[in-house]
Asks: 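The structure follows.
A note on names: the letters A, B, ... follow the listed sequences, proteins ahead of strands, and every chain is numbered from 1. All values reported here derive from a predicted model rather than from experimental measurement.
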Amino acid sequence: MSRLIQDAAITDASPVVQDSPVVQDSLAVLERTRSTAETYGIPLAVLAELTHRCPLQCPYCSNPVELDRTNSELTTDEWKKVLSELAEIGVLQIHFSGGEPAARKDLVELVQHATDVGLYSNLITSAVLLTRDRLAALADAGLCHVQISFQGNEPVVADRVGGYRGGHAKKLDVARWTRALDLPLTVNAVMHRQNLHQLADIIQMAVDLDADRLEVANVQYYGWALKNRAALMPTIEQIDDTTRIVEDARMRLKGVLDIDFVVPDYYALRPKKCMGGWGRQFFNISPAGKVLPCHAAETITGLDFESVRSNHSIAWIWQNSEAFNRYRGTGWMPEPCQSCAFKEIDFGGCRCQAFALTGDAGNTDPACTLSPHHAEIFKVAEAESSAGADRFLYRNFKGGTLEPQDEARQDISNGR
Amino acid sequence: MTEQPRNRRMEVSEASKPILPRHARLKFDETRQVWVILAPERVLAPDEIAVEILQLCDGARSVADIVELLTAKYNAPRADIVTDVIAMLQDLADKGFLTQAREAAP
Ligand code: SF4
Ligand code: SF4
């Protein structure tokens with residue numbers, strides 16, 4: 001008995017958050033049997049981007065610059081069919097995201113359907129469109145977890161970054177309702193040069209909100225964020241401070257708040273294993289139904305992504321489509337990756353970033369110090385970080401709007 | 001100033017009446033033919049014995065009750081089983097995936 005129970009220790013089979021230190025390749029337990037996907041096991045979790053509509057306009061938004069229009073979005077019935085199919089092939093968790101998923105009138109209905117087919121549902125939201133009643137309805141429909149994005153710890157910086165007045169106060173309300181409904185809460189904070197000075201306060205805010213987890217995410221520079229890189233790139237000093245603040249908080253808040261954090265890769269020696277490797281553990285469905293290896297994959301032009309509207313099944317697309325297979329494994333890799341000892345550890349980094357910074361998604365991610373592009377890109381980034389160009393280009397369907405040049409706003413952004 | 005928040009995780013003892021919170025779902029995964037616990041951003045893979053223990057955690061039984069059932073079933077020394085059951089449950093509690101049943105009104 002004793003021996004049997006020791007074996008019973010709960011093992012983290014596969015944390016499903018990407019871009020976080022908890023991604024370890026410990027899929028072994030769940031990959032033992034691969035009944036549906038023969039070569040690449042069906043992911044445990046899938047991200048459903050219900051819409052690209054969003055009342056916020058974050059300058060680092062990970063949606064593609066070319067946003068999906070409302071009239072191209074999957075219908076309620078199409079999404080329901082997708083959810084049923086995902087559950088059937090072995091997906092266990094669904095992340096409802098966007099854009100802002102609450103911009104869909106059928107959100108409660110879709111969460112209910114996810115519950116009905118046995119999927120564990122997470123809501124990834126900017127929160128500003130939610131009312132208390134709607135959140136309660138989502139909880140009743142079986143929603144399991146809420147993640148709310150924050151742009152700062154107080155309204156001046158936060159509402160400026162999100163480009164949405166009153167947004168911060170609304171987020172605080174929704175966070176409190178979430179806990180009042182006894183739903184677990186993750187605070188997601190995207191950090192960059194213009195809010196990193198608030199990190200300690202953001203951590204305290206998460207504690208005060210009784211959050212279970214805090215994700216300290218760093219901007220990834222492709223799509224909108226690349227257009228805003230000069231306004232967002234942190235300085236090296238900020239990164240050093242950040243690491244210290246996070247490490248201190250992790251110790252102090254053990255058992256109170258879990259903190260996920262990865263050093264931003266412009267300042268790391270090796271790139272992160274993006275999405276656990278292209279087409280290995282994760283896929284994403286865009287508002288129009290494209291099945292993508294990650295939420296930013298459409299920033300790579302020239303790759304053709306299959307749609308759930310095609311006559312292929314989702315499992316077929318995952319296993320066989322050209323876009324998934326192109327950068328799977330290590331065979332596609334050029335030097336320096338091909339002969340590198342780390343190639344199965346980081347899979348050559350992020351394809352979207354490689355494309356954004358070198359024009360070829362098949363290159364080594366320039367975040368790697370071994371990339372021939374690294375030195376130059378790092379130098380530019382460092383220069384940008386200290387040049388003080390703080391003006392944002394806001395994300396919207398018009399291809400972006402430059403932040404008004406208003407004295408007051410400039411003061412705010414320099415007030416660190 | 002803000003007080004240091006209290007530890008939100010529960011301490012598992014023989015008297016605890018543990019139950020999985022609604023956000024930690026024990027489920028049999030038909031595709032992979034294994035039991036899993038679904039939690040925020042996590043999928044955990046408990047083994048058979050852990051599953052057996054968790055299925056007994058209904059918020060009414062105490063840890064002592066569960067130990068008694070297992071002692072009888074496996075015909076093993078009680079002391080060993082107590083230690084193992086508490087260790088497994090505490091591990092889960094530390095991750096935030098185990099809770100106590102609220103005192104039920106009569
Ligand atoms: S990053 Fe900002 S703008 Fe983009 S979807 Fe999220 S909340 Fe909306
Ligand atoms: S050369 Fe390629 S495989 Fe090696 S560390 Fe750099 S990105 Fe990773």
Side-chain angles (χ1 to χ4, degrees), chain A residues 1-2 4-17 20 22 26 28-37 41-42 44-45 88-93 95 118-120 122 139 142 144-147 182-186 204 207-208 210 212-213 215 252-258 260, chain B residues 1-10 21-25 27-54 70-71 73-81 83-89 91-99:
Chain A
M1 177 69 197
S2 164
L4 290 178
I5 290 211
Q6 270 159 21
D7 293 347
I10 306 279
T11 44
D12 249 325
S14 167
V16 294
V17 183
S20 86
V22 293
S26 44
V29 183
L30 296 177
E31 281 189 341
R32 256 188 329 231
T33 49
R34 286 172 170 163
S35 47
T36 311
I42 291 289
L44 303 175
E88 215 169 280
I89 62 180
V91 172
L92 300 174
Q93 294 206 12
H95 294 71
L119 290 168
Y120 183 101
N122 304 271
C144 305
H145 167 223
V146 178
Q147 171 175 317
D182 213 18
L183 283 165
L185 171 69
T186 294
Q204 187 57 45
V207 172
D208 294 342
D210 193 28
D212 301 76
R213 292 175 63 247
E215 271 181 25
R252 192 164 45 86
L253 298 172
K254 202 161 194 286
V256 176
L257 181 72
D258 288 333
D260 283 349
Chain B
M1 274 307 295
T2 342
E3 281 171 55
Q4 193 58 28
R6 74 191 159 78
N7 194 312
R8 341 158 72 213
R9 310 300 189 227
M10 93 188 234
R22 57 172 277 173
H23 63 266
R25 302 225 167 131
K27 169 184 163 135
F28 187 70
D29 174 359
E30 296 287 346
T31 306
R32 301 167 189 84
Q33 294 288 306
V34 287
W35 283 89
V36 291
I37 299 170
L38 302 175
E41 315 288 353
R42 285 258 189 303
V43 178
L44 311 176
D47 85 352
E48 268 167 55
I49 301 293
V51 170
E52 188 169 355
I53 296 168
L54 289 172
L70 295 173
T71 309
K73 179 165 177 191
Y74 291 95
N75 195 15
R78 185 177 195 280
D80 290 358
I81 293 191
T83 319
D84 293 342
V85 169
I86 290 183
M88 193 280 283
L89 292 176
D91 182 35
L92 203 54
D94 290 344
K95 293 187 164 101
F97 307 141
L98 197 69
T99 186

Asks: Donor-acceptor check, side chain of A:Q93 to backbone of B:A39, threshold 3.5 angstrom: yes or no?
Replies: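 Side chain of A:Q93 to backbone of B:A39: a pair is present.
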Asks: So, does A:Y120 use its side chain to make a donor-acceptor pair with the main chain of B:H23 at under 3.5 Å?
Replies: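 Here the side-chain-to-backbone pair exists.
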Asks: Shortest non-hydrogen contact from A:G142 to B:R22?
Replies: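 What the structure gives for the nearest pair is C-NH2, 4.1 Å.
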Asks: Looking only at heavy atoms, what is the nearest atom pair of A:L92 and B:L38, with distance?
Replies: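 Nearest pair, atom of A:L92 first, then B:L38: CB-CD2, 3.7 Å.
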Asks: Walk me through it: do A:I42 and B:R32 pass the test side chain to side chain contact (heavy atoms under 4.5 Å, CB included)?
Replies: CA-CA 10 Å; A:I42 291 289; B:R32 301 167 189 84; 4.3 Å; yes
Asks: Starting from the C-alpha separation in whole Å, work towards a yes-or-no answer on side chain to side chain contact (heavy atoms under 4.5 Å, CB included) for B:E41 and A:D258.
Replies: CA-CA 12 Å; B:E41 315 288 353; A:D258 288 333; over 6 Å; no
Asks: Taking only residues two or more places apart in sequence or in another chain, which ones pass side chain to side chain contact (heavy atoms under 4.5 Å, CB included) with B:K73?
Replies: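 Partners of B:K73 under the side chain to side chain contact (heavy atoms under 4.5 Å, CB included) test: B:E52.
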Asks: Would you name the heavy atoms of A:G118 and B:K27 that are closest together and state the gap between them?
Replies: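 Heavy atoms of A:G118 and B:K27 come nearest at O-NZ, 2.9 Å.
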